[in-house]
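Right, one structure below, let's go through it.
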Amino acid sequence: MKDNIAICPGSFDPITIGHIDIISRTAKMFSKVIVVVMSNVHKNGGSFTVDERVEMIKKSVAHLPNVEVDHYEGLLADYAEQKKASAIVKGLRAVTDFEYEFQMALTNKKLNPQVETLFLTTSAENMYLSSSVVKQIASMGGDITEFVPAAIHQDIINRLKKG
Ligand code: PNS
């Protein structure tokens, strides 16, 4: 049978339990999910290198057999075409995410009409969560246990703690 492939793209700097929630729910609906770190965004910023982000994602999705991890430098629409993906799946947190996500979805549809963008509503308990919030808490010595996968908790603390 033909693979029904979904792509979950992002910066993942770093991956949070909010991302894991979206990835696991996508993995239930598609035969294969590719989580891709888009490496051309935040070229000069970002706290973790692309390789570190990929490694952290791999550790965090090891329990999901139909999920692969990759990175790509280029347009998401081109990546989706290369991988013959039928959908780009993203989490939508609140109205603040909407305008930007809507713009990206329409642009990607224009660039690659074969691929649909689907939005999953973020689980209520993750509404407030973002990679930036996690980094801010970790860098100030706060507890991030509930916000990141257990497998990468220490990696994040080791990297971000000050002093
Ligand atoms: O986790 P983020 O930062 O919300 O992810 C945004 C991301 C990486 C999915 C988006 O910036 C992206 O797709 N970048 C790749 C470049 C691209 O295709 N741009 C055109 C679409 S507007």
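Because only heavy atoms are used, hydrogens play no part in the values below, and waters and symmetry mates are left out as well, while side chains stay in. Ligands are counted one by one from 1 in listed order, and the atoms in each one are counted from 1 as well.
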Distance-only donor-acceptor pairs under 3.5 Å for side chains of residues 115-124, two or more places apart:
unit_1	atom_1	unit_2	atom_2	d
Glu116	OE2	Lys109	NZ	2.9
Thr122	OG1	Leu92	O	3.2
Ser123	OG	Asp21	OD1	3.2
Ser123	OG	Asp21	OD2	2.7

message: Set out, in order, the CA-CA distance, both residues' side-chain angles and the distance that settles side chain to side chain contact (heavy atoms under 4.5 Å, CB included) for Lys32 and Glu68, then state yes or no.
response: CA-CA 8 Å; Lys32 183 163 129 186; Glu68 289 176 10; 3.4 Å; yes

query: Which ligand 1 atoms, with their elements, are less than 4.0 angstrom from a heavy-atom of Asn108?
result: 21 (C)

- prompt: Charged N to carboxylate O below 4.0 Å: is that the case for Asp97 and Lys90?
  reply: no

field: Leu111 contact mode with ligand 1 (heavy-atom cut-off under 4.0 Å)
entry: neither

field: Ligand-side contact atoms (ligand 1) for residue partner Met38, heavy atom cut-off under 4.0 Å
entry: 8 (C), 15 (C)

- line: Note: ligand 1 atoms sitting under 4.0 Å from heavy atoms of Lys90 are 4 (O), 5 (O), 6 (C), 9 (C)

field: Backbone or side-chain N or O of Met104 under 3.5 Å from ligand 1 N or O
entry: no

field: Sub-4.0 Å atoms of ligand 1 with respect to non-hydrogen atoms of Gly74
entry: 15 (C), 16 (C)

query: So between Cys8, Pro9, Ser130, Gly10, whose heavy atom ends up nearest atom 5 (O) of ligand 1?
result: Gly10

task: Show the numbers, then the answer: is there a side chain to side chain contact (heavy atoms under 4.5 Å, CB included) between Gln82 and Tyr72?
output: CA-CA 11 Å; Gln82 274 176 35; Tyr72 186 72; 3.2 Å; yes

field: Side chain, backbone, both or neither: the part of Gln103 lying under 4.0 Å from ligand 1 by heavy atom
entry: neither

- prompt: Is the closest basic N to carboxylate O distance between Asp13 and Lys135 below 4.0 Å?
  reply: yes

- request: Please confirm whether the backbone N or O of Val133 pairs with a side-chain atom of Gln136, one donor and one acceptor, at under 3.5 Å?
  value: no

task: Below 4.0 angstrom from a heavy atom of Leu76, which ligand 1 atoms are there? Numbered from 1 as shown, please.
output: 13 (O), 17 (C), 18 (O)

field: Whether Thr16 side chain and Ser131 backbone form a donor-acceptor pair below 3.5 Å
entry: no

query: Under the side chain to side chain contact (heavy atoms under 4.5 Å, CB included) test, which residues partner Leu75, sequence neighbours left out?
result: Asp78, Leu111

query: Under 4.0 Å from any heavy atom of Tyr100, which atoms of ligand 1 are there?
result: 11 (O)

- request: Flag Ser11 as yes when one of its N or O atoms lies below 3.5 Å from any N or O atom of ligand 1, and as no otherwise.
  value: yes

message: Please work out, at 4.0 Å between heavy atoms, whether the side chain, the backbone, both, or neither of Tyr79 comes within that distance of ligand 1.
response: neither

query: What do you reckon, does Ser131 put a non-hydrogen atom under 4.0 Å from ligand 1?
result: no

message: Any side-chain to backbone donor/acceptor pair from Asn4 onto Ser31? Under 3.5 Å, distance only.
response: no

